Amino acid sequence: MREIRLYDTKTREVRPLEPREPGKVGIYACGPTVYARVHVGNARPFVVFSQLKRFLEHEGLQTTLVANITDINDKIYYAARAAGRPSDQLAREMTVHYVHDTGRLGLGRPDHEPLATESLPQIIDLISALVEGGHAYEADGDVYFRVRSLDGYGSLSRRDVDQMDQGEGVEGADRKEDPLDFALWKATKEGEDTSWDSPWGPGRPGWHIECSAMAEQYLGVDFDIHGGGIDLVFPHHENEAAQTLAGRGRPLARVWMHNGMLQLAEEKMSKSVGNIRSLGDVLDQVGGEVLVLYFSGGHYRQPIAFSDERLEEAVRAAARIREAGRRVVAGESPEELAPLCEAFFDALADDFNTARALAALYDWIREANRREGPVGASHLREMLDVLGLSSLLDSAGDGPPPDAMALAERRDAAREARDWAQADRLRDELRAMGWEVRDGPQGPELLPAG
Ligand SMILES: [Zn+2]
């Protein structure tokens, strides 16, 4: 079995994965706050941790992925008030959109997707333990974490305690013992239309305690991998780690794994990219397979540039894989190609380097194309399956894939609107994907190009 190594933000080093329980891995990845349609950048952690689960299972590790949905948060109250709507209704609607949009990535669902609104008993239990242990205190119906009561606070983000800002602004400033303290429970304020009963009166939980409680509920403490975007290291993850260590006496997680951010190309902001930033819109443009391939083209820890050019590259890459899928036949791949398949999985074992893994996959395709006679597909299917992209093979033989169909429909609409430039652009995009539009008597048809 391969040794799997991952970069741990806490120790700042690449370390071998040593599961708490042999053969089993638990992953908790922070999910979105559902106050609006999710941004395409929110899809990155969803893709990274879904693919990581698939890889760990390929390596024989039984993996449980928990990705929460934050449905109690200030942002939701603000957005609902601005829209003149009940906040719980807005959160429910955006949760449905999030599940639908991420579902279109074709990676399946996490094993558990807990909602904060369904985890109140666990949240209140953890806050109570913190109060009893002297690590938290009640003040006028709020409860705050007493940061200086915990030795080693700041060790994840490696910040100097005296330079920290919890980002809570003036809120609760007059009730905190120390400006460094952060809220675990907030008493209901005017204009907030949801609240829950607690030993400290009606209110609602702070954001950080929601995750500590939900992670513990499904994975226990000291679980294997805690993940999320690099922007969450402070204060969110620092505070999650502090709450669990102080309340339960053991660390929350063994490895802290953070993905880099999506970067929008500035000059393109005002044009198309500026208008397609929601995940749903990007999926309408290129489909789930292309978007997953786009994300897989960068190492998860690095920032990834988002632009039409980068999406086009992924469109062409998907076309190349589909083209290879049309040439291979069912059955075992040749033994001589095995080192390239091994290189693919070795790259994933080395801090989950999907970019290097994809390079090995393209090498495999190039070598397979050089061989005379049909080549068995088993390696290619095994590699694509781990990335959640085996549908590229399944769609290779039988007609145009959904992303090409979507483009063809948009081209039709552009022609109807007499937007010839847009129609031509979409035709070129289809050609880059390997499909030709023919306008026949029954309307436009998609045929394999070439
Ligand atoms: Zn979280």
Side-chain angles (χ1 to χ4, degrees), residues 8-10 26-36 38-39 41-50 52-53 64-76 91 94-95 98-99 102 109-120 122-127 130 145 147 153-157 159 164 166-168 182-186 204-248 251-261 300:
D8 171 33
T9 306
K10 188 172 166 83
I27 308 174
Y28 183 91
C30 287
T33 298
V34 282
Y35 65 99
V38 294
H39 181 280
N42 294 123
R44 195 176 195 195
F46 189 93
V47 171
V48 167
F49 295 103
S50 297
L52 179 65
K53 173 185 153 90
T64 304
L65 173 61
V66 182
N68 72 295
I69 294 171
T70 296
D71 64 346
I72 309 174
N73 192 282
D74 284 320
K75 285 181 184 168
I76 300 170
M94 292 306 156
T95 300
Y98 164 73
V99 170
T102 47
R109 301 305 315 166
D111 300 284
H112 304 283
E113 296 180 274
L115 302 172
T117 50
E118 291 174 358
S119 311
L120 266 298
Q122 290 78 17
I123 292 168
I124 289 170
D125 180 73
L126 183 52
I127 299 175
L130 288 167
F145 186 88
V147 168
Y153 180 86
S155 63
L156 176 64
S157 58
R159 291 184 182 216
M164 287 180 182
Q166 297 288 356
E168 295 184 355
F182 60 88
L184 300 172
W185 187 262
K186 302 180 188 187
R204 40 92 181 206
W207 173 35
H208 317 306
I209 196 75
E210 295 176 1
C211 278
S212 286
M214 288 188 277
E216 183 183 338
Q217 186 183 351
Y218 289 95
L219 298 171
V221 294
D222 195 24
F223 61 85
D224 303 292
I225 300 170
H226 193 312
I230 190 81
D231 57 332
L232 297 182
V233 174
F234 185 86
H236 187 53
H237 287 168
E238 190 74 62
N239 291 348
E240 279 188 42
Q243 291 159 165
T244 300
L245 184 59
R248 304 302 190 211
L252 179 59
R254 300 179 162 215
V255 174
W256 290 83
M257 200 174 155
H258 292 100
N259 64 269
M261 295 288 103
Y300 77 90

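As the structure is a prediction and not an experimental result, all values here were calculated from the model. The first residue of the sequence shown is numbered 1, and numbering continues consecutively from there. For ligands, and for the atoms within them, numbers begin at 1 and follow the listed sequence.
- Using cut-offs of 30° and 60° for the angle between ring planes, the W256 and H237 rings count as tilted.
- Defined by atom type and a distance below 3.5 Å, a donor-acceptor pair is missing between the side-chain atoms of Q217 and H112.
- The distance from the Zn ion (ligand 1) to the nearest N/O/S atom of H237 is not under 2.8 Å.
- A donor-acceptor pair under 3.5 Å is absent between the side-chain atoms of E240 and the main chain of H208, judged by distance alone.
- Rounding to 10 degrees gives 70° for the angle at the Zn ion (ligand 1) between NE2 of H236 and OE2 of E240.
- Our summary of the site lists the angle at the Zn ion (ligand 1) between SG of C30 and SG of C211 as 130°, to the nearest 10 degrees.
- Between N68 and C30 the shortest side-chain heavy-atom distance falls below 4.5 Å.
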